[in-house]
There are 2 protein chains.
Amino acid sequence: MAERTASASMGRGDTLLFLTDDHLRRGIEAMFFAYRGFTADPDRILAEQGYGRAHHRAVHFINRSPGTTVNNLLSILGVTKQSLNRVLRTLVEDGLVEARVGTRDKRERHLFLTGEGEVLERALSEAQRNRMRSAFRNAGPDAVAGFRAVLEEMMDPDMRRHYLDGVDHNQ
Amino acid sequence: MAERTASASMGRGDTLLFLTDDHLRRGIEAMFFAYRGFTADPDRILAEQGYGRAHHRAVHFINRSPGTTVNNLLSILGVTKQSLNRVLRTLVEDGLVEARVGTRDKRERHLFLTGEGEVLERALSEAQRNRMRSAFRNAGPDAVAGFRAVLEEMMDPDMRRHYLDGVDHNQ
DNA sequence: CAGTTTATGTCAGCCTTGTTGACTTTCCAA
DNA sequence: TTGGAAAGTCAACAAGGCTGACATAAACTG
């Protein structure tokens with residue numbers, strides 16, 4: 001109520017109008033509904049093959065950083081090694097992921113997608129990119145910049161570091 | 001590579017630079033990492049009380065639309081009635097939610113938060129709003145508009161309808 | 001009024017994916 | 001050479017999805 005009055009009066013609090021509880025609730029629901037859409041297409045592909053979201057996440061980050069170690073993947077995904085191990089075991093058994101013993105440190109396993117793994121990764125990421133591309137195109141470049149700015153601010157500092165690690169510094 | 005060349009050359013394809021696969025992958029990871037942050041604070045509160053995210057979702061939408069029916073909640077949450085029922089049953093047993101038999105249609109149950117339910121809702125939504133507020137404030141109003149535009153475009157049409165239903169038309 | 005549809009609840013069983021705890025093997029590094 | 005880190009494994013458990021079958025009451029329909 002107070003916020004709406006401020007809105008009508010166009011007082012100096014006006015610049016903070018986007019911080020009212022109502023706007024925040026809208027943002028919360030936007031996250032909830034959008035995340036459902038975000039995962040819907042990959043979920044369908046995964047279900048066909050008897051996999052779940054946990055497999056998708058592993059495959060995604062192994063593809064992004066080929067040769068990453070189990071420990072690194074653990075810190076990115078934020079699950080226990082037992083949880084991740086169960087997923088990795090099925091992926092290795094099914095021939096989608098290869099776990100090579102480290103040369104420098106033989107305790108470490110370096111993870112790579114096999115050809116078959118890359119096929120699944122492409123199917124999953126293409127489905128997800130198609131939706132993201134359509135959303136980006138319809139919203140426009142300025143909206144996309146805002147989208148990324150807000151999401152980045154919403155991350156926990158540790159996760160934000162992992163996110164920024166993924167930046168392509170090669171340009 | 002081709003995109004980066006285009007970027008440097010500032011050619012006419014420049015306006016679509018935000019649609020490259022690399023930008024889309026960044027958007028995908030932003031969603032993943034941000035959603036983790038988005039749920040982290042409520043998850044801690046819920047764990048303390050022996051509840052999970054499913055309870056949070058039910059409590060949130062009952063609070064948003066007091067008197068909503070089970071069927072309506074089902075279509076918003078997109079789960080089976082068995083899943084939702086398990087959650088609602090515990091919430092009713094614990095005295096956080098009241099299910100009143102409908103007056104017009106006695107088959108329906110209209111759901112309301114009790115005083116105790118409102119206490120939990122406020123704790124959860126305050127934690128989530130605090131993070132959202134901080135993210136919004138740091139990113140600024142234009143970024144917030146873009147954030148919402150992209151998320152809205154990412155929703156499935158059905159979910160988008162539910163999202164828009166939540167708009168406050170009372171201003 | 002009889003029959004059908006709708007809204008809800010419930011039981012049983014299954015799966016994925018998260019958890020904790022305990023234990024072993026390997027092997028690097030001080 | 002010994003301590004500790006990295007990785008893997010086994011067991012047990014819980015939340016929260018799912019399907020299928022069935023029950024009940026109420027509303028609707030012909």
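Worth knowing before you read on, the calculation uses all heavy atoms, side chains too, and leaves out hydrogens, waters and symmetry mates. Throughout, a chain's letter reflects where its sequence line sits, starting with A, and its residues are numbered from 1.
The listed nucleotides are dG18(C), dT9(D), dT8(C); the one nearest the side chain of Glu108(B) is dT8(C). Side-chain proximity of Arg57(A) to the nucleotides dG17(D), dG9(C), dT17(C) is greatest for dT17(C).
Ring geometry for Phe33(A) versus Phe61(B): interplanar angle of 30 to 60°, hence tilted.
Although no hydrogens or angles enter the test, the distance criterion places no donor-acceptor pair under 3.5 Å between the side chain of Asn85(A) and the main chain of Lys81(A).
Of the N and O atoms on the side chains of Thr68(A) and His110(A), not one donor lies less than 3.5 Å from an acceptor on the other residue.
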Tabulate protein N/O versus nucleotide N/O from nucleotides 26-30 of chain D, keeping only pairs under 3.5 Å, one per line.
residue	atom	partner	partner atom	Å
dA27(D)	OP1	Arg104(B)	O	3.2
dA27(D)	OP1	Lys106(B)	N	3.0

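The residue among Gly78(A) and Leu88(B) whose nearest nucleotide of DNA chain C is located toward the 5' end is Leu88(B). With the nearest nucleotide of DNA chain D identified for both Gly52(B) and Lys81(A), Lys81(A) has the one nearer the 5' end. Nearest-nucleotide positions on DNA chain C for Val101(A) and Leu84(A) put Leu84(A) closer to the 5' end.
Residue pairs that meet the salt bridge (Lys or Arg N to Asp or Glu O under 4.0 Å) test with at least one member in residues 135-149 of chain B, sequence neighbours left out, do not exist here.
In the interface, the side chain of Gln82(A) is paired with the base of dG21(C) through a donor and an acceptor atom under 3.5 Å apart. Counting atom types as modelled, Arg86(B) pairs a side-chain N or O with a base atom of dG17(D) as donor and acceptor under 3.5 Å.
Among the atoms of the strands shown, none is found under 4.0 Å from any heavy atom of His110(B).
Tyr35(B) and Tyr35(A) have their aromatic ring centers within a separation under 6.0 angstrom.
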